[in-house]
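Structure record follows, encoded as C-alpha cells.
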Amino acid sequence: MDLSNKTIVNRNKSAKVNPSNIIAQDQITAAHKFTRNTQLAFEKMINKLAVAKKSKTIPINHLSIAQSIYRGRLVCRKVDCFHVTVSEPLVNRAIGLLDVLGIELEKRRFKIQFIQDNESGFVVAIKNTEEISFHISEGYKYHPIKNENRSEFERMLFRDNEPIPTSQLILSILARETGICKSWSDGKRKIEDYLPAIINSFENLVIRQKERRIENAISADQRLVESKIFLENESSKYSEKTIYDNAMQEAKLFIAHRDLKSYLKHLEAKSINEYGHLNEATVSWVSTVTKLAETHNPVIKRLKILAEL
C-alpha cells in the first residue's frame, strides 16, 4: 500500500478551515477511533474561540478557552484523542495524517493508547510492551503586533508580540523509557511523503528501546557487582585497620604494664633501703597491685583470644 498516495485531507490551501468543514467521520475511510474524538475536540475549541474573538468583552469562560491555546496554536491533549498542537488551517491535515498513521501502526500489531501519568497524559503506540509516544505540532515565530483591531480576549492573550504559526508541521516520536527520539518536519517534501519511513522508525524504536533496556540491565548488574566488591574491600580495609588499632592499644598497655613492674620493684628496694624491711602495709599493697596487673596483662588476654580462634 502506497501511504503517500492515500487521500486523507482536503488539500485546498486557500480554504480556511472552520467547524463546518472539519473532516467528517465518513470522509475518512475506516477512521481510527481516536480520530473522531480529536475532531470533536477541535470543533468545540474552534467554536468557542470564534465566539470569544467576536465578543467585545472578555468572555466568562476565557480561562478554559485560553488553556486550549498554546503559543498561537490550538492544542488538544484530551483523553483518547491524538495529541495535536496546530493552527486552525492545519487541523484537517494534522488529524488526517495521524489517522493514517494510527491505522497503519495497528495493522503492524501496535496498540494506540492514551496513558495518564500523574497530572499529564500522552498517546503511545505499544508493541511488545514498548511504549513509543507521538504527537504532531506546527512551528511558530513571534512577531510584533501591528493590528490593533483586536478583541479584548485577543488583547488578553498577547500584548506586545504574537506567536504566528509557520504552516509547517512537525511530527515527533519518542521511546519514553530510553529517551530515544526522532522527528520529521515539512520542507521541500511534506511529512505525508515520509509515512513509510515514519512507520519503520516506530518498529526500529521498539527494537532499540528493548536493546537499550537489556544494556541498561547489564550495566546495572555490573554496577551492583562493582559496588559489592568495593564494599567488601572497604570492609576488609576497615577490619584490618581495627586489628591494627587494637594491637597499638595493646602495645601501649604492654609498655605501661612493664613500667608498672619496674616501678613495684623499685618501690620495694627503696622501702628496704629506707626502713631496712618491708612492712605489712607495703607488702599488702604491692601484692594487690601485682595481682591486678596480671589480670590486665594484654599479652595474656591476646593469647586467650588467639587460642579460641
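Since the model is a prediction, treat every value here as computed from it, not as a measurement.
Residues Gln168 and Leu90 come closest through the heavy atom pair N-CD1, 4.3 Å. Closest approach of Arg223 to Asn216, counting heavy atoms only: NH2-O, 4.5 Å. Closest of all the heavy-atom pairs between Phe110 and Ala125 is CD2-CB, 3.7 Å. Across all their heavy atoms, Val86 and Ser137 have their closest contact at CG1-C, 4.1 Å. Between Ser183 and Ile170, the shortest heavy-atom distance links the atoms CB-CG2, 4.5 Å. The heavy-atom pair separating Val123 from Cys81 by the smallest distance is CG2-O, 3.0 Å.
Once rounded to the nearest 0.5 Å, the distance linking CG of Leu195 with OG of Ser201 reads 11.0 Å. The CH2 atom of Trp184 sits 11.0 Å away from the OH atom of Tyr194 when rounded to the nearest 0.5 Å. Of the inter-residue distances, the one linking Thr129 atom OG1 with Arg213 atom CZ reads 5.5 Å to the nearest 0.5 angstrom. In this structure, Phe134 CZ and His83 NE2 are separated by 9.0 Å, a value rounded to the nearest 0.5 Å. Here CG of Leu205 is found 10.0 Å from CZ of Arg212. Values are rounded to the nearest 0.5 Å. In this structure, NZ on Lys241 lies 4.0 Å from CG on Asp245, to the nearest 0.5 angstrom.
Tracing side-chain contacts under 4.5 Å through hydrophobic residues (I, L, V, M, F, W, Y), one never reaches Ile164 starting from Val91; they form parts of separate clusters. Hydrophobic clustering, with ILVMFWY side chains joined whenever heavy atoms are under 4.5 angstrom apart, keeps Ile255 apart from Tyr263. Note: the hydrophobic cluster containing Leu98 also contains Ile173 (ILVMFWY, side chain heavy atoms under 4.5 Å, direct or indirect links).
Of the possible donor and acceptor atoms, none in the side chain of Asp99 sits under 3.5 Å from a partner among the backbone N and O of Thr35. No donor-acceptor pair under 3.5 Å is formed between the side chain of Lys127 and the backbone N or O of Leu105. Asp186 contributes a side-chain N or O that, together with a main-chain N or O of Ile191, makes up a donor-acceptor pair within less than 3.5 Å. The main-chain N or O of Pro165 is never found under 3.5 Å from a side-chain atom of Ser87 such that the two would form a donor-acceptor pair. Side-chain N or O atoms of Thr38 include one that pairs as donor or acceptor with a backbone N or O of Phe82 at under 3.5 Å. Using modelled atom types, no side-chain atom of Gln209 and backbone atom of Glu130 make a donor-acceptor pair closer than 3.5 Å.
Between Glu88 and Arg73, none of the side-chain N atoms (NZ, or NE/NH1/NH2) sits under 4.0 Å from a carboxylate O, so this pair counts as no salt bridge. Taking the charged nitrogens against the carboxylate oxygens, Glu104 and Lys107 do have a contact shorter than 4.0 Å, which makes a salt bridge.
By the side chain to side chain donor-acceptor pair (under 3.5 Å) test, Glu106 pairs with His32, sequence neighbours left out. Annotation: side chain to side chain donor-acceptor pair (under 3.5 Å) contacts of Lys188 (sequence neighbours excluded): none. Remark: Lys78 pairs with no residue by the side chain to side chain donor-acceptor pair (under 3.5 Å) rule, at least two apart or across chains. When the side-chain contact (heavy atoms from CB on, under 4.5 Å) test is applied to Val124, the partners found at least two apart in sequence or on another chain are Gln113, Ile115, Phe122, Ile126, Glu131, Ser133, Arg176.
Within a 6.0 Å sphere centred on CZ of Arg189, other residues, nucleotides and ligands contribute more than 12 heavy atoms.
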Could you pull out every donor-acceptor pair under 3.5 Å between side chains of residues 297-304 and any protein atom, sequence neighbours left out?
unit_1 : atom_1 : unit_2 : atom_2 : d
Asn297 : OD1    : Val299 : N      : 3.0
Arg302 : NE     : Glu250 : OE1    : 3.1
Arg302 : NE     : Glu250 : OE2    : 3.0
Arg302 : NH2    : Glu250 : OE2    : 2.3

For residues 271-287, run the donor-acceptor check on the side chains, cut-off 3.5 Å, and write out each pair with its distance to 0.1 Å, sequence neighbours left out.
unit_1 : atom_1 : unit_2 : atom_2 : d
His277 : ND1    : Tyr275 : O      : 3.0
Asn279 : OD1    : Ala281 : N      : 3.4
Asn279 : OD1    : Thr282 : N      : 2.7
Asn279 : OD1    : Thr282 : OG1    : 2.6

| Is there a side-chain hydrogen bond (donor to acceptor under 3.5 Å, both in side chains) between Glu43 and Gln39 once you walk through the steps? | CA-CA 6 Å; Glu43 284 178 7; Gln39 291 170 334; over 6 Å; no

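Residues Lys261 and Glu294 have side chains in contact (heavy-atom distance under 4.5 Å, counting atoms from C-beta outward).
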